[in-house]
Amino acid sequence: MTQVLIKGFGLIGSSLALAIRQAHPDVTIVGQDVQSASLTYALDHQLIDATATELTTAAPQADVIILAGPVSVICDDLAILATLPLKPQVLITDVGSTKQTVLKAARPLQQRGFTFVGGHPMAGSHKAGVQAGRADLFENAYYFLVPGLAPQSALDNLQTLLQATHVKWLTVTPKQHDRLVAQLSHLPHIVAAALVNQTQAALADSPLGLRLAAGGFKSITRIASADPTMWTAILQNNADLIIQQLQAYQAELAEIQTAIAAQDTAQLTQFFAAAKTTRDHLGPEHLGSLPNFYDLFLNIPDQVGALADVTQRLAAAELSLVNIHILEIREEVDGVLQVTFGDAATRDQAATLLQAADYQIVRRD
């Protein structure tokens with residue numbers, strides 16, 4: 001793997017370039033993007049060694065090709081690659097958020113004997129563009145691999161190339177992937193956006209309106225801030241599954257609406273009890289050995305320096321955090337701090353450490 005071509009230098013493409021550079025400084029990275037300013041930035045900041053203007057001229061020279069644009073562009077790129085005189089051992093992959101569409105588009109390429117591995121890193125940021133890229137963007141995130149016809153050696157090579165991402169690799173079929181992300185990512189984005197829009201309309205005549213939004217509302221609607229153009233494309237490329245899951249979700253809402261109207265105490269209680277049981281039992285100790293995150297919830301006082309004290313204690317003990325999230329902060333009320341770790345042992349060490357410092361542990365997941 002001496003030359004890597006990355007087509008698409010937004011957040012994901014630039015972050016992959018940084019991760020490759022970190023682990024493989026001798027690899028030549030070539031960048032291609034429709035925005036010349038993005039490539040200029042990438043060159044100036046040594047994300048890439050050279051730029052390419054056309055896929056048709058750059059791809060035949062590459063040992064690895066990473067397609068990091070929107071799914072519709074990835075499919076167009078795969079059609080072009082299928083017509084080019086590529087290196088026989090070239091490894092081609094993508095980062096698209098739907099996989100059945102992409103794997104179908106890759107068939108002509110595979111029929112010519114070239115290796116394609118579908119990929120999808122489940123990571124992102126509220127920031128976009130090449131300037132937002134960072135090597136640790138994917139750390140401890142799930143990275144789906146969808147090999148299709150690709151041999152295991154191709155997956156091994158891709159994981160070696162991207163080893164500095166420090167992701168959790170998961171190999172699935174295209175159908176499994178699209179079903180999982182439709183239910184766990186695409187549907188929640190629709191629900192969050194719909195709730196924000198409905199709330200804005202419902203409180204339009206209120207002088208307070210969304211200014212009172214806090215706590216649970218902000219948590220459940222955070223993902224509604226995602227890029228509208230990107231999410232429009234995602235829904236169009238996974239439409240059938242998303243429609244099915246929307247219908248099932250609407251049926252669930254209709255049932256609870258009927259129960260509320262009928263004052264059906266038993267059904268209402270069962271509705272919330274079932275959800276609580278399922279949510280409380282998320283995690284590998286209950287659902288199997290799938291790589292997961294390990295959460296610790298603790299109360300922290302709403303005062304200056306409280307959050308810093310927690311993080312400094314963890315840092316002094318060399319306990320690495322994956323994420324940190326304040327679930328609720330209000331005046332004169334303790335906040336609930338969620339700290340996330342990459343393994344159960346680190347989480348448990350953190351719990352012991354913080355309990356010894358008189359922090360109240362609310363829950364471990």
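Criterion: ILVMFWY side-chain heavy atoms under 4.5 Å apart, direct or through other members. Under it, V90 and I80 are part of a common hydrophobic cluster. Residue F271 is not grouped with residue Y249 when hydrophobic side chains (ILVMFWY) are merged at heavy-atom distances under 4.5 angstrom, including chains of intermediate members. Under a hydrophobic clustering in which Ile, Leu, Val, Met, Phe, Trp and Tyr are joined whenever their side-chain heavy atoms come within less than 4.5 Å, directly or via other members, L307 and L354 fall into the same cluster. Two different hydrophobic clusters hold V73 and L109 under the rule that ILVMFWY side chains link at heavy-atom gaps under 4.5 Å. A continuous path of hydrophobic side-chain contacts links I256 to F272 [ILVMFWY only; heavy atoms under 4.5 Å].
One N or O on the side chain of T311 and one on the backbone of A308 form a donor-acceptor pair closer than 3.5 Å. In this structure a side-chain-to-backbone donor-acceptor pair under 3.5 Å is present from Q263 to I260. Looking at D309, its side chain never comes within 3.5 Å of a backbone N or O of G305 through a donor-acceptor pair. One N or O on the side chain of T352 and one on the backbone of D348 form a donor-acceptor pair closer than 3.5 Å.
Contact of the D63 side chain with the K87 side chain is registered, since non-hydrogen atoms from C-beta on lie closer than 4.5 Å. Counting heavy atoms from C-beta outward, L47 and I29 have side chains that stay 4.5 Å or more apart. Between L298 and Q360, the closest side-chain pair of non-hydrogen atoms is not below 4.5 Å. Looking only at side-chain heavy atoms (C-beta outward), L187 and I242 stay at 4.5 Å or farther from each other. Q236 places none of its side-chain heavy atoms less than 4.5 Å from the side chain of V71. Counting only heavy atoms from C-beta outward, the side chains of W231 and I190 never approach each other to under 4.5 Å. Y143 is listed as a side-chain neighbour of V95, based on a closest heavy-atom distance under 4.5 Å. A 4.5 Å side-chain heavy-atom check between Y142 and V167 finds every atom pair outside the cut-off.
Within a 6.0 Å sphere centred on CD of Q89, heavy atoms belonging to other residues, nucleotides or ligands number 12 at most. Counting non-hydrogen atoms of neighbouring residues, nucleotides and ligands closer than 6.0 angstrom, the CD atom of Q46 reaches no more than 12 such neighbours. When the shell of 6.0 Å around CD of Q152 is examined, it contains more than 12 heavy atoms from other residues, nucleotides or ligands. Residue Q267 places its CD atom among more than 12 non-hydrogen atoms of other residues, nucleotides or ligands, all under 6.0 Å distant.
Distance CG/L170 to NZ/K168: 9.0 Å, rounded to 0.5 Å. To the nearest 0.5 angstrom, D178 atom CG is 11.5 Å from S185 atom OG. Distance check, rounded to the nearest 0.5 Å: CZ of R134 to CD of E139 gives 9.5 Å. Taken to the nearest 0.5 Å, the OG1 atom of T28 stands 11.5 Å off from the CD1 atom of I20. In this structure, CG in L5 is found 6.5 Å from CG in L55, a value given to the nearest 0.5 Å. To the nearest 0.5 Å, atoms CD1 (I324) and CG (L314) are separated by 7.5 Å.
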Inset, instruction - Before giving the answer on side-chain contact (heavy atoms from CB on, under 4.5 Å), spell out for L337 and Y359 the whole-Å C-alpha distance, their side-chain angles and the decisive distance to 0.1 Å. - result: CA-CA 11 Å; L337 181 67; Y359 284 98; over 6 Å; no
Inset, instruction - Show the numbers, then the answer: is there a side chain to side chain donor-acceptor pair (under 3.5 Å) between T346 and D343? - result: CA-CA 6 Å; T346 303; D343 58 76; 2.8 Å; yes
Legend entry - Residue pair L180, F144: steps toward the side-chain contact (heavy atoms from CB on, under 4.5 Å) verdict: CA-CA 11 Å; L180 284 168; F144 286 108; 4.3 Å; yes
Legend entry - Derivation and outcome, side-chain contact (heavy atoms from CB on, under 4.5 Å), residues Y294 and L296: CA-CA 7 Å; Y294 297 82; L296 193 64; over 6 Å; no
Inset, instruction - Kindly indicate, with the supporting measurements, whether the criterion side chain to side chain donor-acceptor pair (under 3.5 Å) is fulfilled by D240 and Q244. - result: CA-CA 6 Å; D240 291 344; Q244 291 175 23; over 6 Å; no
Inset, instruction - Could you give me the CA-CA distance, side-chain angles and deciding distance for V4 and L16, then say whether side-chain contact (heavy atoms from CB on, under 4.5 Å) is met? - result: CA-CA 11 Å; V4 176; L16 288 176; over 6 Å; no
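Taking the charged nitrogens against the carboxylate oxygens, R21 and D26 have no contact shorter than 4.0 Å, which rules out a salt bridge. Classification of D77 and K7 as a salt-bridged pair holds, one side-chain N sitting under 4.0 Å from a carboxylate O.
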Could you list the donor-acceptor pairs under 3.5 angstrom formed by side chains in residues 114-122, with sequence neighbours left out?
| from | atom 1 | to | atom 2 | distance (Å) |
| --- | --- | --- | --- | --- |
| H120 | ND1 | H177 | NE2 | 2.8 |

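Minimum heavy-atom separation, H186 to I234: NE2-CG2, 3.3 Å. Counting all heavy atoms, side chain and backbone alike, Q338 lies closest to T340 at NE2-OG1, 3.9 Å. Between A59 and L84, the shortest heavy-atom distance links the atoms CB-CD1, 3.9 Å. Closest approach of L241 and A182 over heavy atoms only: CB-CB, 4.1 Å. Smallest separation of non-hydrogen atoms from G10 and S14: O-OG, 2.7 Å. Across every non-hydrogen atom of T173 and V146, the tightest pair is C-CG1, 3.9 Å.
For the side chain to side chain contact (heavy atoms under 4.5 Å, CB included) with L319, the lone residue among R313, Q349, R347 that qualifies is Q349.
Defined by atom type and a distance below 3.5 Å, a donor-acceptor pair is missing between the side-chain atoms of T98 and N238.
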